[in-house]
Amino acid sequence: MTDSSTDHDESRSHAPSERDSRDVGNKPTDEYCSCCRICDCYRDAPEADEKPADAHGQHAGNDHAHDQHAGDDHGEQVDHSDHEELFKRRFFVCLALSLPVLYYSPMLQEWFGYAAVTFPGSAFVGPVLGVVVFAYSGVPFLRMGAVEARNREPGMMLLISLAITVAFVYSLAAVVFGIGEPFFWELVTLIVIFLLGHWIEMRSVRRASGALDELAELLPATAERITDDGPEEVPIDDLEEGDLVLVRPGSNVPADGVVEEGESNVDESVITGESKPVSKGPGDDVVGGTTVRDGSLRVRVAATGEETTLSGIVRLVEDAQESRSRTQVLADRAAGWLFYAALGVAAVTAVAWSAAVGFGLPVVERVVTVLVIACPHALGLAVPLVVAINTSMAARNGMLIRDRIAMESARNLDTVVFDKTGTLTEGEQGVVDVATADQWGEDDVLTLAAAAEGDSEHVIAQAIRDTAADQDLPVPGVRGFEALEGRGVRATIEREAVPAAASTADESADIGAPPSDAESDRDGHTVSVGGPNLLRHLEIDPDPALERFASEAGDRGEGVVYVLRDETVVGAIALADVIREESFEAIDALHGMGVDVAMLTGDDADVAHAVADELEIDTVFAEVLPEDKDEKILELQERGHLVGMVGDGVNDAPALTRSDVGIAIGSGTDVAVESADVVLVENDPRDVARLVRLSAKSYRKMAENIAWAAGYNVFALPLAAGVLAPIGILLSPAVGAVLMSASTVIVAVNAQLLRRAELST
């Protein structure tokens, strides 16, 4: 007996929707969110015209807000708005103020052989403007460094603060007490280079996170709402569910809805990643933000504001960009270790140089250079920038990341398990054949089955009802509908509504042994529809002709459900589910990456193996009840496999949660989506291969960035300390700042190269 109905039966069970210990999208309460880690930004607003310190905005003008972390030790929130412009403005102001400082620097005059124009007080140009630059753009660095110190999370800002503080205090003391040459030109140069580095960094971050801006801009500002008086232009915020809107050719759909009138090709690439326009007509769903190409549509609004698909995508992208991966944790720890290493090297450098040449300007230069060159700027940017680009690329390709750790793990998957119905197949069953017991007609069997399936939501139930409707069969009403978990459905049909052939069968039965009425009552008959699990539960065997029918259907890859009146099998219905063309490409691509493919289904072995043989699937789990699906995932994990699960139904939720990487198709149920680590917006199994590729390429970029950032410090710190001084190689603090900034730029550029990654199969 075959059982495409077991998938049919399965969806009637309700799996738990709660996630395991991985809290998707939750940010650790004792850590900065990842956007803070990108820039270690202002913990206190440095300018009065900026937003309050507790307004946690986002980079480059994005408006998403983050809640105060529960139990947050540091307590203070970061204003990320307009940071790129802030650093740009301060850079140019400080650059202008620094030029006179450099011009009047005695050291530079000596080096370049010129004499600066003098005037009364010209000797104070350097000190005065140096103090102004320090106050205007140096003090904010000190504020950020103070926050790191209070939180006991030393990092880049604290190192920068130490470097410029040492330079400033020594220079001020040199002017006031005459203890040596001031250090103002180096001080202002350091601050200017730091500002330039932050400006470049914020520019890279804005570009990486620009997907959210682009998504937000997809919705038009206004919509044409159709009223009794004709179309009127209204802000989209005024739209309500049930409104009818007119969408003209070339315009974006203002909200999620259903087409009531008109036909057009709609570009959904921004949502699904699929470039080919989709034909839409009356009854079809449309998504807000998609573009109508040709022909106008009248759309009945179904969701607005935060309830739209586009808003949901934006939320998922934001959550993913703010969640942290194992690689990010490693980078954070490395940055912390680097701080203490820098302090240690600076202390050793100060002692060694003081012992060698005595305390003075050379010692201060060495210490400041060590502190500057050790700033973990590049290390702090190495992972978050890749994460931001990775998340936006995934969204552009129809993949929404809900769990960063799972996304990072996807590169190591060695087994991917696909649910069959609706994932590898179209999920749209159709009746292809009907077999009946003696004295029963095909129309009668279909009528009984359609009546019993009247209240079911399953695709097989829909296929039976559609077939009955196509044949204009009069389907009677039923009472007492009941879904039998993992087995099928059952309902009671009135005796007078029993088809004529069934009545004839009753009369014939009366001549011989009467049918059992254990499942019937005086006023009606019990009609049951289900697969082999139903017959096994009832301990009923069909007649040999129906068994042969089921066997032959199974050989063809078709599923069979049985129709019972009371406790008698009166017929069997064969149904077929079409394999998606994309499934062949997806499985070939996964095999090409060395990933085994398994299929998990409630269908019986014949149906499952027929599909698996056609797709060249490695492992098949057939006749699996809903509550047992996660056990099959556990079985693979116990064999040492890292398992990804792809599913779409309520009954897939436990398996999605159990797997190492749970992947839900976007057309699946809300429970399945909530149980998943990754959501595929479009029901395309090829996206699974793209996900694995993106995970591998992103991890490679993270590893390259961390290796560069850490390796740079390994070589640069001894150089800054002056180990090559005996052969005349010494780095000034300004050169150290340039090298530090160059390292940051290299990391940023390398991360941007991820955008060129080819994900298609």
Looking at side-chain heavy atoms only, is the closest gap between Val646 and Val417 below 4.5 Å?
no
Look up atom CG in Leu590 and atom CE in Met593, then write down how far apart they are to the nearest 0.5 Å.
4.5 Å
Would you say that Val692 contacts Arg411 through its side chain, given a criterion of any heavy-atom pair below 4.5 Å between the two side chains?
no
Over all heavy atoms of both residues, which pair between Val661 and Ala406 is shortest? Give the atoms and the distance, please.
CG2-O, 3.4 Å
Between CD1 of Ile191 and OH of Tyr136, what distance do you get to the nearest 0.5 Å?
12.0 Å
Provide the closest heavy-atom pair for Met407 versus Ser695 in the form atom of the first, atom of the second, distance.
O-OG, 2.6 Å
According to side-chain contact (heavy atoms from CB on, under 4.5 Å), who are the partners of Ser698, at least two apart in sequence or on a separate chain?
Val386, Asn390, Leu694, Leu754
Which value, rounded to the nearest 0.5 Å, describes the distance between Phe91 atom CZ and Ser98 atom OG?
9.0 Å
With sequence neighbours excluded, what pairs up with Thr349 under the side-chain contact (heavy atoms from CB on, under 4.5 Å) test?
Val345, Trp353, Arg366, Val370, Ala721
Check: Asn397 side chain, Met399 main-chain N or O, donor-acceptor pair, under 3.5 Å:
no
If we ignore hydrogens and angles and just use 3.5 Å, is the side chain of Asp414 paired with the main-chain N or O of Val595 as donor and acceptor?
no
Are the side chain of Ser354 and the backbone of Val351 linked by a donor-acceptor contact shorter than 3.5 Å?
no
For residues Asp596 and His641, is any side-chain donor paired with an opposing acceptor at under 3.5 Å?
no
Rounded to the nearest 0.5 Å, what's the gap from OG on Ser137 to CZ on Arg90? Could you check?
5.0 Å
Answer whether the closest heavy-atom distance between the side chains of His591 and Val597 falls below 4.5 Å.
yes
With side-chain contact (heavy atoms from CB on, under 4.5 Å) as the criterion, how do Arg693 and Glu758 come out once you've worked through the C-alpha distance, each side chain's angles and the decisive distance to 0.1 Å?
CA-CA 8 Å; Arg693 283 196 183 93; Glu758 179 57 49; over 6 Å; no
Near Arg756 CZ, under 6.0 Å, is it more than 12 heavy atoms from other residues, nucleotides or ligands?
no
Looking at CG of Asn750 and CZ of Arg700, how far apart are the two atoms once the value is rounded to the nearest 0.5 Å?
11.0 Å
Has Asp677 got a side-chain atom pairing as donor or acceptor with Gly662's backbone, closer than 3.5 angstrom?
yes
Results of ring-ring contact (aromatic ring centres under 6.0 Å, His included) for Phe168 - residues two or more places apart only:
Phe134
For the residue pair Arg143 and Val147, establish whether any side-chain heavy-atom pair is separated by less than 4.5 Å.
no
Verdict with supporting geometry, Arg690 and Asp684, side-chain contact (heavy atoms from CB on, under 4.5 Å)
CA-CA 10 Å; Arg690 296 187 184 107; Asp684 188 344; 4.0 Å; yes
For Pro685, is there any backbone N or O sitting under 3.5 Å from a side-chain donor or acceptor partner on Glu585?
no
Run Leu642 and Thr415 through side-chain contact (heavy atoms from CB on, under 4.5 Å) and show every step you take.
CA-CA 6 Å; Leu642 192 72; Thr415 303; over 6 Å; no
So how far is it from Lys701 NZ to Arg755 CZ, rounded to the nearest 0.5 Å?
12.5 Å
Side chain to side chain, Ile665 and Val679, heavy atoms closer than 4.5 Å:
no
Please examine the side chains of Ile401 and Leu691, heavy atoms only from C-beta on, and report whether any two atoms are closer than 4.5 Å.
yes
Is Val192 close to Cys94 at the side-chain level, that is, under 4.5 Å between some pair of heavy atoms?
yes
